[in-house]
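Just so you know, these numbers come straight off a predicted model, no measurement behind them. All heavy atoms count here, side chains included; hydrogens, waters and symmetry mates do not.
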Amino acid sequence: MSDWPHIKSHIYQEILQRLEQNIQEAQIAYVQAKESRDSDTKSSAGDKYETGREMMQREMDKCSALKDQNKHSLQIIQHVPIHRTYESVEKGALIITDKGMYYMLVGLGKISLDQKDYFAISPESPIGSLFLGKKVGEFILLRDQKIHIQGIY
């Protein structure tokens, strides 16, 4: 199919948007948790106050880590050429199989475009590591299921 570069570009744009949205959502959640932590007034029940503050601090830490993880993913994918074609599976490849279509970039799960599903996977993921280095005509074995590679773009 000659439209794969166009499809790949659309998937890439969707991944960019999701990462940016994840960063914004994590930032908003961080600010809300910080405001909640800081506005919690010290009550006569000191343990309850400290527990609440600790819970909000943990939430802030979780949001901060999520934001950092998505920023890191964003930095990584911006250095992957999206218009390149591949002889074998590596980061940046769109993999067409008899069981589905996978975009080897970052692990974001299912992306639906034009009523078709694509799976954004990371090279470090279990399925991603199985695909790495494979060529058209080869297969991977995932949970006793053969997945045949029909195209790499």
Side-chain angles (χ1 to χ4, degrees), residues 1-37 51-153:
M1 180 181 218
S2 61
D3 206 24
W4 288 119
H6 180 71
I7 292 169
K8 189 174 168 182
S9 179
H10 274 71
I11 298 168
Y12 181 86
Q13 291 304 316
E14 178 66 24
I15 289 171
L16 277 177
Q17 289 174 359
R18 283 196 190 179
L19 289 173
E20 288 168 354
Q21 181 179 353
N22 289 350
I23 291 167
Q24 289 175 345
E25 288 173 359
Q27 181 62 33
I28 290 167
Y30 178 90
V31 168
Q32 290 172 340
K34 186 176 186 321
E35 287 172 354
S36 178
R37 182 200 68 187
T51 300
R53 284 185 59 85
E54 179 60 33
M55 286 174 56
M56 288 301 104
Q57 184 61 50
R58 278 193 220 139
E59 185 65 22
M60 288 167 55
D61 293 345
K62 185 175 103 182
C63 292
S64 185
L66 187 60
K67 187 172 94 174
D68 290 345
Q69 177 186 359
N70 280 279
K71 279 185 174 183
H72 180 71
S73 293
L74 200 55
Q75 288 172 345
I76 287 172
I77 71 168
Q78 289 174 340
H79 298 290
V80 176
I82 61 171
H83 298 294
R84 183 179 153 213
T85 56
Y86 298 86
E87 293 293 318
S88 63
V89 176
E90 59 183 274
K91 187 178 280 193
L94 178 62
I95 310 154
I96 311 305
T97 76
D98 61 335
K99 304 282 194 266
M101 295 169 278
Y102 304 88
Y103 193 20
M104 177 80 75
L105 202 54
V106 293
L108 284 179
K110 185 165 73 170
I111 295 174
S112 298
L113 294 172
D114 300 326
Q115 293 147 5
K116 291 188 178 155
D117 293 335
Y118 303 87
F119 295 91
I121 60 173
S122 161
E124 294 82 19
S125 69
I127 191 168
S129 62
L130 291 173
F131 273 127
L132 280 177
K134 297 288 187 198
K135 297 181 182 198
V136 173
E138 295 184 330
F139 67 91
I140 64 166
L141 193 59
L142 182 68
R143 292 188 217 110
D144 299 325
Q145 183 180 35
K146 273 189 178 179
I147 301 175
H148 293 271
I149 299 172
Q150 298 172 332
I152 304 170
Y153 300 95

Checklist outcome for this item: Separation between CG (Leu130) and CG (Leu142), nearest 0.5 Å, reads 6.0 Å
Next on the checklist: Surrounding CD of Gln78 (heavy atoms of other residues, nucleotides or ligands, distance under 6.0 Å), is the total greater than 12?
Outcome noted: yes
Next on the checklist: So does Ile77 get a backbone contact from the side chain of Tyr12, meaning a donor-acceptor N/O pair under 3.5 Å?
Outcome noted: yes
Extract all donor-acceptor atom pairs below 3.5 Å that involve side chains of residues 100-114 and protein atoms in other chains or at least two apart in sequence.
residue	atom	partner	partner atom	Å
Ser112	OG	Asp117	OD1	2.6

Item to check | Reported CG-to-CD distance for the pair Leu19 and Gln69, which is rounded to 0.5 angstrom | outcome: 9.5 Å
Checklist outcome for this item: Across all chains, not counting sequence neighbours, the ring-ring contact (aromatic ring centres under 6.0 Å, His included) partners of Tyr30 are none
Next on the checklist: Tell me if a side-chain donor or acceptor on Arg37 pairs with a main-chain N or O of Arg53 at a distance below 3.5 Å.
Outcome noted: no
Checklist entry - Rounded to the nearest 0.5 Å, how far apart are OG1 of Thr85 and CH2 of Trp4? => result 15.0 Å
Item to check | Which residues share a ring-ring contact (aromatic ring centres under 6.0 Å, His included) with His148, sequence neighbours left out | outcome: Phe139
Checklist entry - Which pairs with one or both residues in residues 129-140 pass side chain to side chain donor-acceptor pair (under 3.5 Å), sequence neighbours excluded? => result none
Item to check | Which residues share a ring-ring contact (aromatic ring centres under 6.0 Å, His included) with Tyr118, sequence neighbours left out | outcome: none
Next on the checklist: Quick one about Gln21 and Gln17 (side-chain donor to acceptor, distance below 3.5 Å, no hydrogens or angles considered), yes or no?
Outcome noted: no
Checklist outcome for this item: One should read off an interatomic distance between Lys91 NZ and Ser122 OG, to the nearest 0.5 angstrom, of 6.5 Å
Item to check | Residues in side chain to side chain donor-acceptor pair (under 3.5 Å) contact with Asp61, at least two apart in sequence or another chain | outcome: Gln57
